[in-house]
Engineer: 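One structure follows; several queries about it will come next.
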2 protein chains.
Amino acid sequence: MANLPETAGPLYEKVKEYILDHIISGAWGKDQRVPSEHELVSMLGVSRMTVHRALRELTSDGHLVRIQGVGTFVAPPKPYSTLIEIVDIASEIRTRGARYRADILLLESLQPSQELLAAFDFATRKAVGHSMILHHENDMPVMIEERFVNSDLAPDYDKQDFSAITTYDFLQKSTPLTEVEQVIAAITADEETARMLALEAGAPCLLLHRRTWTGSTVATVNRFTYSSRYTLGSRYAPGSFR
Amino acid sequence: MANLPETAGPLYEKVKEYILDHIISGAWGKDQRVPSEHELVSMLGVSRMTVHRALRELTSDGHLVRIQGVGTFVAPPKPYSTLIEIVDIASEIRTRGARYRADILLLESLQPSQELLAAFDFATRKAVGHSMILHHENDMPVMIEERFVNSDLAPDYDKQDFSAITTYDFLQKSTPLTEVEQVIAAITADEETARMLALEAGAPCLLLHRRTWTGSTVATVNRFTYSSRYTLGSRYAPGSFR
DNA sequence: TCTGGGAAGATGTCTATACATGTCTCGGCA
DNA sequence: TGCCGAGACATGTATAGACATCTTCCCAGA
């Protein structure tokens, strides 16, 4: 009988650790077959449900791949990825000790263009909520926020008072988001953007494009245009090694 | 007896859906107490282990908070922050089905400037490893990777053959990184950058600045300059971090 | 030779039961 | 009055057993 590690904690954690040790040490290499649940039960002297839970959690962590009826295999190593956290601009500015202000430039309901309909996956044909807000740090404009909101999910978006509640807080309450897609690009400010952000024409800007889903329908389409005076950044511990 | 949803799939998924429905509809609000496992067993007519699994998974997804001995509660809404995942450029290009190539422009050891020393928190006074690599998608240059490596941690960095192993793989093996700091900015390409990326002078570029730590010492300082033809992006479900 | 069927073995789910562990309350005792 | 301990109740873990579902493989029969 093999020996489980002697660390403290529940049994299934020890089983996880036992298996992870074999993966990390290279004893069980990529794509190699891991002992079956039944074999692990015999080897480790624990019940099948305990082994099953350990294997299931290692699978959802991406360390193993399981195929019903076939077996359990060591997952290929994760690709190199790091995470960057994008924080609410109001709190980011305030935590730097700067003054924050937002001007509502526009709040309306509009018929979506063909391009916008495509961004919504053609999930709605009705008018969508539309807002443009200019965010300031110490009275200097730093970001243009433009949102398009699916009016099936938040019908009264264009009737809110966004000086009292932020657009995010309102959306959070009306539509629980379940998925996010984000793209960051560098663009050259057009004339209007440069004017709003008090930049010279042709200055580079950061464009953060974000779509959110509620279930399988697109809830919002957003464009955040950051002044070149501003940087997106974070301090983040990488998750990838467990 | 309450009714479980009639969707297909395992029982514990239906229990999860039943609970999520009550949270999303607002029937069970923030911080409100959720029925205990025992109550859910009576209400839904399933075993406690099945209820427990549903509650456990909803907890690890961030929808619930459980306190042993006390109860289960609806989790407060997530703070406004989303994560963007930055993937290894080689695998990102390859998963798009494009051809990937990297040219090593430079590999040397150099005495750090005062500015570079500051980036290293003055943790080293010796020469640092320095590399510049140009990454191509379908033979079109898309990113300049420039790395400075603390030679206390990876002394032979400038003697590696980075056509055989990627800089990341080498660093991953020699220095386990424990923390990452990243900043994204939009910059205007200077003349040399524009030439290397085959852009017009003055084109906007994405600059990703990354520092990594091993313990409390700075391991690497990196600058990734992305062509304006390229976007940083990801698809990422929010929340779910354990 | 080809094909269908069944056995074997793998993972996936569900239940009933038991015990462990943490929290809170309430009542009795000093 | 204050404290502390028992009990109620919550979640957390572990087990044995049963059945479901899926894949693979081999063999019997056409």
Side-chain angles (χ1 to χ4, degrees), chain A residues 1-20 22-23 28 31-76, chain B residues 1-20 22-23 28 30-76 242:
Chain A
M1 172 126 57
N3 288 325
L4 286 174
E6 299 190 357
T7 53
L11 250 184
Y12 72 87
E13 287 289 351
K14 296 184 192 174
V15 176
K16 283 175 72 173
E17 198 179 330
Y18 174 86
I19 296 169
L20 258 187
H22 283 76
I23 296 175
W28 298 345
D31 288 341
Q32 189 172 329
R33 189 191 201 106
V34 164
S36 73
E37 295 188 357
H38 182 72
E39 288 168 321
L40 286 168
V41 165
S42 314
M43 289 162 62
L44 305 176
V46 300
S47 81
R48 197 190 139 212
M49 284 301 285
T50 302
V51 167
H52 182 74
R53 175 162 178 188
L55 292 173
R56 179 163 31 100
E57 296 195 355
L58 287 172
T59 301
S60 82
D61 287 349
H63 294 291
L64 296 176
V65 173
R66 314 197 78 193
I67 305 173
Q68 187 176 2
V70 182
T72 305
F73 306 87
V74 177
Chain B
M1 170 126 54
N3 288 328
L4 286 175
E6 297 190 359
T7 53
L11 251 185
Y12 71 87
E13 287 290 351
K14 295 183 190 174
V15 176
K16 283 176 70 172
E17 197 180 331
Y18 175 85
I19 295 169
L20 258 186
H22 283 76
I23 296 175
W28 298 343
K30 174 196 163 192
D31 288 340
Q32 189 173 328
R33 186 187 203 109
V34 164
S36 73
E37 294 188 357
H38 183 72
E39 288 169 321
L40 286 168
V41 165
S42 312
M43 290 163 62
L44 306 177
V46 300
S47 82
R48 197 190 139 215
M49 285 302 286
T50 302
V51 167
H52 181 75
R53 174 161 179 189
L55 292 173
R56 193 179 56 215
E57 296 195 355
L58 287 172
T59 300
S60 83
D61 287 349
H63 293 110
L64 297 176
V65 174
R66 314 196 77 191
I67 306 174
Q68 186 175 5
V70 182
T72 304
F73 306 88
V74 177
R242 343 188 155 198

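The chains referred to below are lettered A, B, ... by the order of the sequence lines, with proteins before strands, and numbering in each begins at 1.
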Engineer: Of all the choices, D:dA14, D:dT11, C:dC14, which nucleotide is nearest to the side chain of B:T72 once you look at every atom?
Structural biologist: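 So the side chain of B:T72 is nearest to D:dT11.
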Engineer: Output the rounded distance in Å from NE2 (B:H52) to C1' (D:dA10).
Structural biologist: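 Whole-Å distance recorded here is 12 Å.
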Engineer: Could you tell me how far apart B:H38 (NE2) and D:dT11 (C1') are, to the nearest whole angstrom?
Structural biologist: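 Computing the B:H38:NE2 to D:dT11:C1' distance gives 14 Å.
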Engineer: Given C:dC14, is OP1 or OP2 found less than 4.0 Å from the side-chain N or O atoms of B:Y12?
Structural biologist: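 Checking C:dC14 against B:Y12, no side-chain N or O comes under 4.0 Å of OP1 or OP2.
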Engineer: From the list C:dG22, C:dT11, C:dC14, which nucleotide is the closest neighbour of the side chain of B:Q68?
Structural biologist: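 Closest nucleotide to the B:Q68 side chain: C:dG22.
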Engineer: Check the distance between D:dT23's C1' and A:F73's CZ and give it to me in whole angstrom.
Structural biologist: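 Going from A:F73 (CZ) to D:dT23 (C1'), I get 11 Å.
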Engineer: I need the CZ-P distance between B:R56 and D:dG12, as an integer number of Å.
Structural biologist: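 Atom-to-atom, B:R56 to D:dG12, this comes out as 9 Å.
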Engineer: If you find the nucleotide of DNA chain D closest to A:P10 and the one closest to A:I67, which residue's nucleotide is nearer the 5' end?
Structural biologist: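 The residue mapped nearer the 5' terminus is A:P10.
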Engineer: Consider the side chain of B:L11, meaning its heavy atoms from C-beta on, and name the nucleotide among C:dT11, D:dT15, C:dC14 that approaches it most closely.
Structural biologist: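 Per side-chain heavy atoms of B:L11, the pick is C:dC14.
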Engineer: Under 4.0 angstrom, heavy atoms only, what part of the nucleic acid is B:L55 near: base, sugar-phosphate, or nothing?
Structural biologist: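 It contacts nothing in the nucleic acid.
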Engineer: Quickly, which of A:V46, A:V51, A:T50 forms a side chain to side chain contact (heavy atoms under 4.5 Å, CB included) with A:L40? Name it, please.
Structural biologist: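 It is A:V51, the one option of A:V46, A:V51, A:T50 that forms the side chain to side chain contact (heavy atoms under 4.5 Å, CB included) with A:L40.
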Engineer: So, does A:R66 get its side chain near the phosphate of C:dA10, meaning an N or O under 4.0 Å from OP1 or OP2?
Structural biologist: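 For C:dA10, neither OP1 nor OP2 has a side-chain N or O of A:R66 closer than 4.0 Å.
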Engineer: Verify, without hydrogens or angle tests, whether B:E39 (side chain) and B:S36 (backbone) share a donor-acceptor contact under 3.5 angstrom.
Structural biologist: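 At least one qualifying donor-acceptor pair exists.
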Engineer: Of the nucleotides C:dG12, C:dT13, D:dT13, which has the atom closest to the A:M49 side chain?
Structural biologist: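 The nucleotide sitting nearest to the side chain is C:dT13.
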Engineer: Tell me: CD of A:E13 to P of C:dT21, nearest whole Å?
Structural biologist: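 Rounded to the whole Å, the gap is 16 Å.
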Engineer: When rounded to the nearest 0.5 angstrom, what is the spacing between CD in A:E37 and CZ in A:R66?
Structural biologist: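 CZ of A:R66 is found 4.5 Å from CD of A:E37.
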Engineer: Whole-Å distance between C:dT17 P and B:E37 CD?
Structural biologist: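 Answer to the nearest Å: 17 Å.
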Engineer: Want to settle it: does A:V70 or A:G9 sit nearer the 5' end of DNA chain D, counting the closest nucleotide to each?
Structural biologist: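 It is A:G9, whose closest nucleotide lies nearer the 5' terminus.
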Engineer: Are OP1 or OP2 of C:dT13 and a side-chain N or O of B:T50 less than 4.0 angstrom apart?
Structural biologist: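 No.
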Engineer: From CG of A:L40 over to C1' of C:dA10, roughly how many Å is that when rounded to an integer?
Structural biologist: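 Between C1' of C:dA10 and CG of A:L40: 13 Å.
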Engineer: Roughly how far, to the nearest 0.5 Å, is the CG atom of A:L44 from the CG atom of A:L11?
Structural biologist: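 Spacing of CG (A:L11) from CG (A:L44) equals 9.5 Å.
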Engineer: In whole Å, what is the span from the CZ atom of B:R33 to the P atom of D:dC9?
Structural biologist: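 Whole-Å distance recorded here is 12 Å.
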Engineer: When all nucleic acid strands are considered with a 4.0 Å heavy-atom cut-off, which category describes B:R53: base, sugar-phosphate, or nothing?
Structural biologist: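 Sugar-phosphate only.
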Engineer: Ignoring hydrogens and geometry beyond distance, is the side chain of A:R48 in donor-acceptor contact with the base of C:dG12 at under 3.5 Å?
Structural biologist: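 Present.
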